[in-house]
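Scroll down for the structure; my scribbles are underneath it.
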Amino acid sequence: MSAQYDDIGEKVADWDVLPVRSEFIEGHTFFKALGSVREQDVLDVACGDGLYTRQLKLRGARRVVGVDISEEMIRGARRQEAEHPLGIEYHVSDAAALAPLGDFDCVTAIYLLHYAESPEHLRRMCRNIHDHLRPGGRFVTYAFNPEFSAKGPNSTKYGITMLDYPAAPREGQAISAVLHTKSPFTIHFSHWSQATYEQALREAGFKTLTWSRPEASPEGLLARGQAFWQDYLDNPHAVALRCER
Ligand SMILES: C[S@@+](CC[C@H](N)C(=O)[O-])C[C@H]1O[C@@H](n2cnc3c(N)ncnc32)[C@H](O)[C@@H]1O
């Protein structure tokens with residue numbers, strides 16, 4: 001399941017323009033949960049082609065390292081680093097099998113944990129992330145919403161469609177979703193409940209876990225109006241989670 005992004009390749013090139021992925025919702029919610037990274041060392045796991053990794057650096061982070069399991073995604077991230085150097089390092093690795101990369105003030109992971117293939121895989125990801133943090137550090141992640149409802153509005157008009165979403169998904173059940181980029185593609189991941197995520201994170205050593213639902217930024221409200229975002233806010237496809245070490 002994790003190597004699927006090698007095949008997706010360049011199809012992610014315009015995914016930042018999807019309403020669901022824009023700064024109006026996802027960026028705003030994620031960076032609000034994260035707080036300032038100025039002068040901090042940040043490890044961005046599941047960095048993909050570096051969309052957020054670059055933003056972390058541009059927001060004043062000191063050392064920024066991106067890691068992804070997909071060689072294709074890291075190739076894209078390195079290409080952008082070569083074209084517009086920001087001083088970001090990129091590595092190919094499964095988050096569950098990370099070699100030590102140093103100590104960080106903060107680990108981020110935008111869309112990682114639902115790619116865990118088993119509770120043990122999830123536990124290893126969480127342990128590795130925890131072990132890369134300095135005391136007092138934080139892990140801030142964005143993941144598919146374990147409480148997404150098949151009865152609620154789907155997110156198609158925002159750029160993503162959950163396919164045949166089960167009424168009551170089982171632990172580990174395979175879920176698929178289509179991203180409506182110029183060349184649409186389907187992604188596959190696993191359903192894990194909030195309790196399963198929390199257990200893995202607490203076992204890894206995280207003390208305080210704070211979930212937050214997406215919210216529209218003032219700019220997003222100005223640009224599209226509350227009515228445009230309401231269906232999404234009522235049944236968001238993803239949520240943010242901040243974990244303190
Ligand atoms: C939806 S993409 C998000 C990329 C980037 N964080 C962003 O928001 O643009 C999910 C990424 O997770 C990576 N991934 C999936 N399983 C992983 C794992 N076990 N370890 C590291 N990366 C993984 C995929 O290769 C893919 O690049």
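This structure is a prediction, so every number in the text was calculated from the model and none was measured.
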Inset, instruction - Check whether V64 and V107 end up in the same hydrophobic cluster, where Ile, Leu, Val, Met, Phe, Trp and Tyr are linked by side-chain heavy atoms less than 4.5 Å apart. - result: no
Inset, instruction - Check whether any side-chain heavy atom of L56 sits under 4.5 Å from a side-chain heavy atom of L34, and report yes or no. - result: yes
Legend entry - Single hit among Y52, F30, Y5, Y142 for ring-ring contact (aromatic ring centres under 6.0 Å, His included) with Y111: Y142
Inset, instruction - Apply side-chain hydrogen bond (donor to acceptor under 3.5 Å, both in side chains) to T161 and N154, showing your working. - result: CA-CA 6 Å; T161 304; N154 213 319; 5.1 Å; no
Inset, instruction - Measure the spacing between NE2 of H91 and CG of D68 and express it to the nearest 0.5 Å. - result: 12.5 Å
Legend entry - Pairing residues for R134 by the side chain to side chain contact (heavy atoms under 4.5 Å, CB included) criterion, not counting sequence neighbours: D41, R62, D103, D105
Inset, instruction - Indicate if F189 and V178 have the same hydrophobic cluster label, given that clusters are the connected sets of ILVMFWY residues with side-chain heavy-atom separations under 4.5 angstrom. - result: no
Legend entry - E244 atom CD, neighbour heavy-atom count above 12 within 6.0 Å: yes
Inset, instruction - Could you check W192, F148, F144 and say which one makes a ring-ring contact (aromatic ring centres under 6.0 Å, His included) with H114? - result: F144
Legend entry - Pairwise distance CZ(R78) to CG(D49) - rounded to 0.5 angstrom: 13.5 Å
Inset, instruction - Classify the ring geometry between W211 and Y197 as parallel (under 30°), tilted (30 to 60°) or perpendicular (over 60°). - result: tilted
Inset, instruction - Determine yes or no for a side-chain-to-main-chain donor-acceptor pair under 3.5 angstrom, with R124 supplying the side chain and A95 the backbone. - result: no
Legend entry - Aromatic ring pairing F228/Y158, orientation class (parallel under 30°, perpendicular over 60°, tilted between): perpendicular
Inset, instruction - For H130, enumerate each residue passing the ring pair (Phe, Tyr, Trp, His ring centres under 6.0 Å) test, keeping only those at least two apart in sequence or located in another chain. - result: F206
Legend entry - Close side-chain approach of S193 and E171, heavy atoms under 4.5 Å: yes
Legend entry - Side chain to side chain, E81 and K57, heavy atoms closer than 4.5 Å: no
Legend entry - Partner residues of T210 under the side chain to side chain contact (heavy atoms under 4.5 Å, CB included) criterion, sequence neighbours left out: T208
